[in-house]
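First the structure, in the form of structure tokens, and then the observations on it.
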Amino acid sequence: MRIDGKCHCGNIAFTLDWPDAQPEIPARACGCSFCVKHGGVWTSNPNAGLSVIVRDPALVSPYAFGTQTATFHVCARCGAVPFVTSEIDNHRYAVVNVNALEGVDPSRLLRGSGDFDGEETSSRLARRARNWIADVRVGEIAV
Ligand SMILES: [Zn+2]
């Protein structure tokens, strides 16, 4: 099923192609220092597809910290963080912020939490390659 989402101002919009076989959407409140400050709650499915459209790339502020293996795509205009990417073996994986989803019945969100502080970088990347969205496209629209 198709789920739309965007940052607050709409500069970063996406379509999540979610597998029909999984009606529930995991929503993981991340315990990392960035997500605690932003209230980041993420979802992914290895069989999902993500298509991101950026209206003004100059208004996207990429942010990485710690192991520098994940990039938070922060909208520089409204401050929302709709998605995160990680490049693993020349493949781009992503997770999506459930707070940026639109039109999703909250009862479908399976709330949980995760704290991966202290995880070895190699196992961190292997976990992402297993669980994150593997079909990710990021494009710009001409304005
Ligand atoms: Zn925005």
Checking S44 against Y93 for the side chain to side chain contact (heavy atoms under 4.5 Å, CB included) test, could you report, in this order, the C-alpha distance in whole Å, the side-chain angles of both residues, the deciding distance, and whether it holds?
CA-CA 10 Å; S44 65; Y93 296 87; over 6 Å; no
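- The local environment of CD in E102 is crowded, with over 12 non-hydrogen atoms from other residues, nucleotides or ligands closer than 6.0 Å.
- The number of heavy atoms from other shown groups lying within 6.0 Å of NE2 (H8) does not exceed 12.
- Of all heavy-atom pairs spanning A70 and A64, the tightest one is O-CB, 3.3 Å.
- A donor-acceptor pair under 3.5 Å is formed between the side chain of T43 and the backbone N or O of P26.
- Scored by the salt bridge (charged side-chain N to carboxylate O under 4.0 Å, His left out) test, D17 finds no partners at all (sequence neighbours excluded).
- Taken from CZ in R55 to SG in C9, the straight-line distance is 9.5 Å, to the nearest 0.5 Å.
- Remark: D89 CG is loosely packed, at most 12 non-hydrogen atoms of other residues, nucleotides or ligands lying under 6.0 Å away.
- Grouping Ile, Leu, Val, Met, Phe, Trp and Tyr by side-chain contacts under 4.5 Å, direct or through others, puts I3 with M1, I12, F14, L16, W18, I25, V41, L50, V52, V54, V60, F83, V96, V98, L101, V104, L109, I133, V136, V138.
- No side-chain heavy atom of F72 sits less than 4.5 Å from a side-chain heavy atom of H38.
- Contact annotation: the side chain of V81 approaches that of W42 to within less than 4.5 Å [non-hydrogen atoms, C-beta and beyond].
- I88 contributes atom CD1, which lies 9.0 Å from atom CZ of R127 (distance to the nearest 0.5 angstrom).
- F65 and V84 fall within a single hydrophobic cluster, where Ile, Leu, Val, Met, Phe, Trp and Tyr side chains are chained together by heavy-atom contacts under 4.5 Å.
- The CD atom of Q68 lies 11.5 Å from the OG atom of S86; values are rounded to the nearest 0.5 Å.
- Judged purely by atom type and a 3.5 angstrom limit, N99 uses its side chain to pair as donor or acceptor with the backbone of G39.
- The CD1 atom of I53 sits 9.5 Å away from the CZ atom of R137 when rounded to the nearest 0.5 Å.
- You'll find the side chain of R92 reaches within 4.5 Å of the side chain of E87, heavy atoms only.
- If you take NZ on K6 and SG on C75, they are separated by 11.0 Å, rounding to the nearest 0.5 Å.
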Requested in this report: Test T69 against R128 for side-chain hydrogen bond (donor to acceptor under 3.5 Å, both in side chains), laying out the working first.
Outcome: CA-CA 10 Å; T69 56; R128 288 176 185 161; 2.8 Å; yes
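- When the side-chain contact (heavy atoms from CB on, under 4.5 Å) test is applied to P19, the partners found at least two apart in sequence or on another chain are N45, N47, A48.
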